[in-house]
Undergrad: 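Dropping the structure in here first, questions after.
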Amino acid sequence: MPAAAIGPPDLGDRAECAPGIRLLASPAAGRSDGTSRLPLGPMSATPSATTDAREEYDPEALQEKWLGVWDELAPFRSGRPDDDRPRKYVLDMFPYPSGDLHMGHAEAYALGDVLARYWVQRGFNVLHPIGWDAFGLPAENAAIKRGEDPRAWTYENIATQKASMRRYGCSFDWDRVLNTCDPDYYRWNQWFFLRMFERGLAYRKASSVNWCPSCQTVLANEQVVGGLCERCDSVVTKKKLTQWYLRITDYADRLLDDMALLEGQWPDKVLQMQRNWIGRSTGAEVQFAIEGRDEPVTVYTTRPDTLFGATFFVVAADSDLAAELAAGTPAQAEFEAYLAATKRETDIDRLASDRPKTGVFLHRHAVNPVNGAPLPVYASDYVLADYGTGAIMAVPAQDQRDWDFATTFGLPIVRTVTPPEDFDGEAYVGDGPAMNSGFLDGLHKAEAIEAIIGWLEERGSGRAAVNYRLRDWLISRQRFWGTPIPIIHCPVDGEVPVPDEQLPVELPDAEGLDLTPKGASPLGALDAWSVVDCPRCGGPARRDPDTMDTFVDSSWYFLRYLDPKRTDGPFDPAEANAWLPVDQYVGGVTHAILHLLYARFFTKVIHDLGMLDAVEPFTRLLNQGMVVMDGSAMSKSRGNLVRLSDELAVHGVDAIRLTMVFAGPPEDDIDWADVSPAGSKKFLARAWRLAGDVTSAPGTDPAGGDLALRRVTHRSIHDAARALEDYRFNVAVAKAMELVNAARKAIDSGVGPADPAVREAAEAVAIILSLVAPYTAEEMWARLGHEPSVALAGWPAVDEALLVQESVTCVVQIAGKVRERLEVAPDITEAALRALALATPAAQAALGGREPRAVIVRAPKLVNVVPA
RNA sequence: GCGGGUGUGGCGGAACUGGCAGACGCGCAGGACUUAGGUUCCUGUGUCCACGCGACGUGCGGGUUCGAGUCCCGCCACCCGCACCA
């Protein structure tokens, strides 16, 4: 299916409107308070006098009625040239098109939609786009299974999801849709790759990589979860391969330091996870001479102050250095057997806790630079080849791992940090005065570190150093359904970039290609695609057969939304500077490390290319929780799967959206067994009836209306707004419920349906509900005699005077216990309130004529009388 | 092991910088309307008892304070992330 077939629904020219639909002016432009009122056109319908008891709230009918109207109105198109509203960019993580939307999508998109719609109501020009993260293995696996091109499966699912999103009432700007598997999109992945290649940020190297034997492809460290492939849960093994990397480690410091900009705006948990993942540590590099070797070996340590306590030396068993040191020694055979055994071990084995230390003595010795002591050299798998230098000085007294190794192999242990007197552990890693350490003796950790680094630097045998847990990002994948790497391998010129004007390097048709995983990219087997002339020398050459990790696609997609059809660049820098950074990003915490770190990295690279002012892509981040069932994640095999389409059919779109939003704090998981979509529907019907009961005419001035109800209305609007801006969506909904209850009471047993305050309340309910339950709100708005769309009605202005209570209840405490209540004016003075409180019978009885020990007055809400 | 988080009625959850614990909803109970109720509307609903102007109550134990769900110290339980990163 061609890409055009899945483009945005043709919504027609905005000027051609359905009969009866009147277009509205941009609501809030030019209003300084960010609020607005719709100009009230002539009534399109006479409001019903009272709700007909036989009338029923029918969500299905409302959905049918309003979808077409919204298609015509397109209330959420953004970025038009004549739009002078202030801008806001609200971004939802784009979905992978793996089938229809599920409950998780429903939650995430409901929350994002509430935020986007809220800012529209507040008078902002909100960019709220959507697209599809459309490359990836599931499409390829489905293609293999069905013997089809992955394109067909992918575009079918995109069409399904898109229709579902429209029906779900998402306020997306459908003019900006993008799919990462379109050549128009991935062309720019290739373009960015080439910019990085030019700057040395994309490079190829041979190293031991994570290999998924089932997916038959390499994996980034980030895609290995607990030793298993993130996608298929196969046990990941190691393989030595030459692969493409992006030099994210060059940005480690900036990725860490710029988190200061995100503090308080992103969840602390996510920032902490990123910090841990980058894992910056400071310490020193120390050179150790090796007997019988010309070059010294450098080790990295965070504790150079413990150098006098080094009693042996360990190199990573799978490092080149280990093999070199073992060669020709009596230990060679033993070492080789050990190495072979190590390689058979998977990450799973390595994860076992309390795993005994193993290793091989290499019959070589290193020399401790501080005292000339010979240190036996061991090879062991407890030292990692790819962290630091792959070799360590072992200080068993101050490192538990070294302690374990030392006790296993009978090696000496020398304390060089004095532990506290009550210390009864093994290795002591805390602070304390140095001992057995020559000129360091008596110094505490920080001073000792400084002293020893100075000493090493003077002698040229060491220096201060920083290390990171973060590794460079391995992006090569031996699979078909991804962005081809735009490099041509020429026997003469080596790695030759594809010239920009030849981009995109398009994926060939999968027709006739065997996509079955076999350890090499299927593209390489296709000579018609692979064999090309070298752009430099014109000689025969081959394209790089691999495709990029799909995380490349999602690392910059938020920039492409600005103009997804642009052909002269990935985006327009001027436009990007007008919209970026994204004001609000909404998505799952599952991407707390991978996607967010890569997107931050790309943003910094793009900044360095001079194309973007921003250094961070996402200002605020909201991580929604999961939707679970009966306490555990939904899955077919567990038999607790709840189908979104079923829920929508039974309760309606609005009730499901409301249930998601009202369930609790957005970052908490929702157990579908604990919430009540039927209750949500009941509330929506109650709100909807309210609109039918109003008998005053649209435009009626609320000023003469019932003061008590007006106070509730304005208080509700005010509180709801504050709750929404703090992500307390459930509280905002509760405020709307309170307002509905108050209005109901006013109609049935109070001032009656004709009071202007009743209309004001009903309109406020409609506007607040327009964020959560767009169909119901739109219908309410129409029943109240207004033109669509309520989505653009503008957030109601709050009258501050109505927030002030006529009287407030003051509690009188005796020794901290509430004993009396007083109705007082809100502006009562402390002195007056104190006198009132002391005069109460409770206070008089408690004091019994004596002077109180203390009287705490917090006017106008509380007085605490403390008897002597 | 290291790091982070959470703990409030039968349930989901409220409670801004310490100030009436339990907003709002679900469930449950009772009532009104109704031929009917999987409708609507109203009322009640933390625990205990001696039923009061009562006592107790936010995982457990201490502390600070006139006053603690909120702050401090020490535990317990559960959840998440990392996992031999020297």
Side-chain angles (χ1 to χ4, degrees), chain A residues 51 53-54 56 225-227 267-273 275-277 279-281 283 299-303 306 314 347 350-355 357 380-384 386-395 398-402 404-405 429 467-471 589 592-593 658-659 662-665 667-671 673-680 682-683 685-686 689 719 722-723 726 728 730-738 740-741 744-745 748-749 809-821 841-842 845 852-856 858 861-867:
Chain A
T51 303
R54 285 161 305 183
E56 275 204 32
V225 179
D268 291 341
K269 179 184 172 183
V270 173
L271 293 175
Q272 198 56 42
M273 282 166 73
R275 266 187 214 105
N276 293 342
W277 192 263
R280 178 161 64 192
S281 82
V299 305
Y300 172 74
T301 175
T302 55
R303 293 298 301 277
T306 63
V314 189
D347 281 1
R350 297 176 63 111
L351 287 179
S353 54
D354 300 331
R355 195 161 158 268
K357 291 282 182 287
S380 173
D381 65 353
Y382 90 91
V383 171
L384 305 176
D386 60 349
Y387 182 78
T389 60
I392 63 155
M393 64 179 217
V395 187
Q398 273 86 226
D399 183 288
Q400 189 60 42
R401 298 156 299 184
D402 296 345
D404 294 341
F405 193 92
V429 299
N467 249 292
Y468 303 90
R469 222 189 66 107
L470 182 70
R471 313 294 203 273
V589 72
I593 297 173
L658 177 65
T659 303
F662 185 56
E667 50 283 326
D668 288 4
D669 287 351
I670 298 173
D671 193 328
D674 289 339
V675 295
S676 173
S680 298
K682 188 171 128 186
F683 163 69
R686 193 167 149 89
R689 276 192 299 274
D719 288 356
R722 231 182 62 175
D726 292 344
R728 286 150 53 232
N730 54 331
V731 178
V733 171
K735 297 299 167 187
M737 289 172 168
E738 286 178 25
V740 168
N741 291 343
R744 180 83 263 150
K745 200 161 260 178
D748 290 348
S749 53
T809 305
C810 174
V811 298
V812 179
Q813 299 179 338
I814 308 297
K817 304 223 177 256
V818 179
R819 284 294 129 93
E820 201 93 39
R821 281 159 222 276
R853 184 148 67 95
V855 181
I856 287 97
R858 293 283 178 275
K861 304 205 46 156
L862 177 138
V863 179
N864 188 9
V865 178
V866 187

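Letters go in sequence order (proteins before strands), and every chain restarts at 1.
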Undergrad: Taking only the P atom of each, what is the distance from B:C26 to B:A77 in whole angstrom?
TA: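 37 Å, rounded to whole Å.
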
Undergrad: Check the phosphate of B:C42 against A:R686, side-chain N and O only, distance under 4.0 Å to OP1 or OP2. Yes or no?
TA: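 For B:C42, OP1 or OP2 has a side-chain N or O of A:R686 closer than 4.0 Å.
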
Undergrad: In whole Å, measure the gap between the P atoms of B:G81 and B:G27 for me.
TA: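 Looking at atom P only, B:G81 and B:G27 are 34 Å apart.
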
Undergrad: Under 4.0 Å, heavy atoms only, any strand: does A:A854 hit a base, just the sugar-phosphate, or nothing?
TA: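 The residue A:A854 makes no contact with any strand.
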
Undergrad: With both distances kept under 3.5 Å, what pairs with B:C2, Watson-Crick or G-U wobble?
TA: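 Per the H-bond distance test, B:G81.
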
Undergrad: Could you check which of B:A14, B:C20, B:C66 has an atom nearest any side-chain atom of A:I856?
TA: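 Selected nucleotide: B:C66.
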
Undergrad: Between B:C24 atom C1' and A:M737 atom CE, what is the distance in whole Å?
TA: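 Going from A:M737 (CE) to B:C24 (C1'), I get 6 Å.
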
Undergrad: Are OP1 or OP2 of B:G25 and a side-chain N or O of A:N741 less than 4.0 angstrom apart?
TA: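 For B:G25, OP1 or OP2 has a side-chain N or O of A:N741 closer than 4.0 Å.
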
Undergrad: Check every atom of B:A23, B:C41, B:A86 against the side chain of A:V383 and return the nucleotide holding the closest atom.
TA: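 Nearest to the side chain of A:V383 among the choices is B:A86.
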
Undergrad: What nucleotide among B:A83, B:A86, B:A15 has an atom nearest to a side-chain atom of A:R469?
TA: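 Nearest to the side-chain atoms of A:R469, counting from C-beta on, is B:A83.
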
Undergrad: Sticking with atom P, work out how far B:A23 lies from B:C11, rounded to a whole angstrom.
TA: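 It comes out at 15 Å once rounded to the nearest Å.
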
Undergrad: Is A:I670 close to A:V675 at the side-chain level, that is, under 4.5 Å between some pair of heavy atoms?
TA: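 Touching, per the 4.5 Å side-chain cut-off.
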
Undergrad: Taking 4.0 Å as the cut-off, does a side-chain nitrogen or oxygen of A:R744 come that near to OP1 or OP2 on B:C42?
TA: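 False: A:R744 side-chain N/O out of range (4.0 Å or more) of B:C42 OP1/OP2.
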
Undergrad: If you only use heavy atoms from C-beta on, which nucleotide in B:G12, B:C66, B:A86 is closest to the side chain of A:N864?
TA: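 Shortest atom-to-atom distance from the side chain points to B:C66.
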
Undergrad: Measuring only the P atom in each nucleotide, how far is B:U6 from B:G10? A whole number of Å is fine.
TA: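 After rounding to an integer number of Å, I get 23 Å for this pair.
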
Undergrad: Applying a 3.5 Å limit to both distances, which nucleotide forms a Watson-Crick or G-U wobble pair with B:G25?
TA: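 Check on B:G25: paired to B:C11, both distances under 3.5 Å.
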
Undergrad: B:G54 and B:G9: how far apart are their P atoms, nearest whole angstrom?
TA: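 Looking at atom P only, B:G54 and B:G9 are 24 Å apart.
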
Undergrad: Need one value for A:K861: base, sugar-phosphate or nothing, where a base atom within 4.0 Å counts as base even if backbone is also close, heavy atoms only.
TA: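 Result for A:K861 = nothing.
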
Undergrad: From B:G12, B:C82, B:G13, pick the nucleotide closest to the side chain of A:F662?
TA: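 From the listed options, B:G12 comes nearest.
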
Undergrad: For B:G13 versus B:G25, give the span between their C1' atoms, rounded off to a whole number of Å.
TA: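 That atom pair is separated by 9 Å.
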
Undergrad: Do A:S680 and A:T659 pair up side chain to side chain, a donor and an acceptor below 3.5 Å, judged on atom types alone?
TA: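 A pair is found: one side chain offers a donor N or O, the other an acceptor, under 3.5 Å apart.
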
Undergrad: Could you tell me how far apart A:R728 (CZ) and B:C16 (C1') are, to the nearest whole angstrom?
TA: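 These atoms are roughly 8 Å apart.
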
Undergrad: Heavy atoms under 4.0 Å, any strand shown: does A:E820 hit a base, just sugar-phosphate, or nothing?
TA: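 No contact.
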
Undergrad: So which one's nearest nucleotide on RNA chain B is more toward 5', A:V818 or A:T302?
TA: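 Checking each residue's closest nucleotide, the 5'-ward one belongs to A:V818.
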
Undergrad: Rounded off to whole Å, could you give me the OH-to-C1' distance for the A:Y382 and B:G1 pair?
TA: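 Answer to the nearest Å: 16 Å.
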
Undergrad: For B:A55, which nucleotide in any strand shown is its Watson-Crick or wobble partner with both distances under 3.5 Å?
TA: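 The base-pairing partner of B:A55, which may sit in any strand shown, is B:U47.
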
Undergrad: What nucleotide, of B:C66, B:C20, B:A86, holds the atom closest to the side chain of A:V811?
TA: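 The answer is B:C20, which lies nearest to the side chain.
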
Undergrad: Can you tell me the pairing partner of B:G30 across any strand shown, Watson-Crick or G-U wobble, with both distances under 3.5 angstrom?
TA: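 Pairing partner: B:C42.
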
Undergrad: If you look at every strand shown and take non-hydrogen atoms under 4.0 Å, does A:P841 touch a base, only sugar-phosphate, or nothing?
TA: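 Nothing, no nucleic acid heavy atom in range.
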
Undergrad: Do A:Q813 and A:R819 have side-chain heavy atoms sitting under 4.5 Å apart?
TA: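 A:Q813 vs A:R819: side chains apart.
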
Undergrad: Nearest to the side chain of A:Y387 - B:C24, B:A86, B:C11?
TA: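 Between B:C24, B:A86, B:C11, the one nearest the side chain of A:Y387 would be B:A86.
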
Undergrad: Just checking A:S281: base, sugar-phosphate only, or nothing, at a heavy-atom cut-off of under 4.0 Å?
TA: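 Contact class for A:S281: sugar-phosphate only.
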
Undergrad: Hey, does A:D671 reach any base, or is it just sugar-phosphate, or nothing, if we go heavy atoms under 4.0 Å?
TA: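 Counting heavy atoms under 4.0 Å across all strands, no contact is made by A:D671.
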
Undergrad: Nearest of B:C56, B:G25, B:G19 to any side-chain atom of A:R858?
TA: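 Out of B:C56, B:G25, B:G19, the nucleotide with an atom closest to A:R858's side chain is B:G19.
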
Undergrad: Answer yes or no: is there a side-chain heavy-atom contact under 4.5 Å between A:I856 and A:R858?
TA: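 Touching, per the 4.5 Å side-chain cut-off.
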
Undergrad: Kindly point out which of B:C24, B:U40, B:G3 is positioned nearest to the side chain of A:Q272?
TA: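 When the side chain of A:Q272 is considered, B:G3 is the closest of B:C24, B:U40, B:G3.
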
Undergrad: Within this structure, what is the CG-to-C1' distance between A:D674 and B:U8, rounded to whole angstrom?
TA: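 Spelled out: CG on A:D674 to C1' on B:U8 is 16 Å.
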
Undergrad: Could you check whether A:R722 gets within reach of a base, just the sugar-phosphate, or nothing at all, counting any heavy atom under 4.0 Å?
TA: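 Sugar-phosphate: the residue A:R722, judged by heavy atoms under 4.0 Å, touches backbone atoms but no base.
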
Undergrad: Side chain of A:W277 only, please: which of B:A86, B:C20, B:A83 is the nearest?
TA: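 The nucleotide sitting nearest to the side chain is B:A83.
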
Undergrad: Is B:G9 syn or is it anti, if syn means the base angle is within 90 degrees of 0?
TA: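 Syn, angle within 90° of zero.
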
Undergrad: Going by heavy atoms in the side chains, are A:Y387 and A:Y300 under 4.5 Å from each other?
TA: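 Answer yes - side chains close enough.
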
Undergrad: Paired with B:C66: which nucleotide, if any, by Watson-Crick or G-U wobble criteria at under 3.5 Å for both distances?
TA: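 Pairing partner, where one exists within any strand: B:G19.
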
Undergrad: Just to be sure I understand the rule, does A:R275 reach a base, reach only the sugar-phosphate, or reach nothing, if contact means heavy atoms closer than 4.0 Å?
TA: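 Contact class for A:R275: none.
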
Undergrad: Could you state the CG-C1' distance from A:D748 to B:U40, rounded to the nearest angstrom?
TA: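 Going from A:D748 (CG) to B:U40 (C1'), I get 10 Å.
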
Undergrad: Checking only heavy atoms, does the side chain of A:K357 share a donor-acceptor pair with the base of B:C84 at less than 3.5 Å?
TA: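 Answer yes: a donor N or O sits under 3.5 Å from an acceptor.
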
Undergrad: Does B:C26 have its OP1 or OP2 closer than 4.0 Å to a side-chain nitrogen or oxygen of A:K682?
TA: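 It does, given that an N or O in the side chain of A:K682 lies less than 4.0 Å from OP1 or OP2 of B:C26.
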
Undergrad: Will you find, in the side chains of A:R280 and A:N467, an N or O donor that is under 3.5 Å from an N or O acceptor?
TA: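 No, because no side-chain N or O of A:R280 sits under 3.5 Å from a partner of the opposite role on A:N467.
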
Undergrad: On RNA chain B, check which nucleotide each of A:A685 and A:K269 is closest to and give me the residue with the more 5' one.
TA: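 Its nearest nucleotide lies further toward 5', so the answer is A:A685.
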
Undergrad: Can you tell me how far P of B:C2 sits from CD of A:Q400, to the nearest Å?
TA: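 Distance, rounded to whole Å: 11 Å.
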
Undergrad: Got a sec: does the CZ of A:R275 have more than 12 other heavy atoms crowding it under 6.0 Å?
TA: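 Above 12, so yes.
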
Undergrad: Roughly how many Å is it from CD in A:E667 to C1' in B:G4, rounded to a whole number?
TA: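 Going from CD in A:E667 over to C1' in B:G4 covers 15 Å.
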
Undergrad: Using atom CD of A:Q813 as one end and atom C1' of B:C20 as the other, report the distance to the nearest whole Å.
TA: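 After rounding, the gap between these two atoms is 8 Å.
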
Undergrad: Look at A:S749 and B:C42 and indicate whether a side-chain polar atom (N or O) is within less than 4.0 Å of OP1 or OP2.
TA: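 A:S749 to B:C42 OP1/OP2: no side-chain N or O under 4.0 Å.
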
Undergrad: Please measure how far the C1' atom in B:C24 lies from the corresponding atom in B:G62, and state the result in whole Å.
TA: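 It comes out at 35 Å once rounded to the nearest Å.
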
Undergrad: Of all the heavy-atom pairs spanning A:N730 and A:P665, show the shortest one and how long it is.
TA: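 Between these two residues, the closest heavy atoms are ND2-N, 4.0 Å.
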
Undergrad: May I ask you to evaluate whether A:K817 reaches the phosphate of B:A21, defined as a side-chain N or O under 4.0 Å from OP1 or OP2?
TA: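 No, A:K817 has no side-chain N/O under 4.0 Å of OP1/OP2 on B:A21.
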
Undergrad: Give a yes/no verdict on a cation-pi contact between A:K357 and A:Y382, requiring under 6.0 Å between NZ or CZ and the six-membered ring centre and an angle within 45° of the axis.
TA: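 A:K357 over A:Y382 ring: yes.
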
Undergrad: Look at all strands and tell whether A:N730 reaches a base, only sugar-phosphate, or nothing, counting heavy atoms closer than 4.0 Å.
TA: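 It contacts sugar-phosphate atoms only.
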
Undergrad: Quick one: are A:T301 and A:M393 in side-chain contact, heavy atoms under 4.5 Å?
TA: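 The answer is yes; the side chains approach within 4.5 Å.
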
Undergrad: Identify the nucleotide, in any strand shown, that forms a Watson-Crick or G-U wobble pair with B:C60, with both distances under 3.5 Å; if there is none, say none.
TA: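 Looking at the geometry, B:C60 pairs with B:G74.
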
Undergrad: Roughly how far apart, to the nearest Å, are B:C76 and B:C84 at atom P?
TA: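 Pairwise P distance, B:C76 against B:C84, rounds to 26 Å.
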
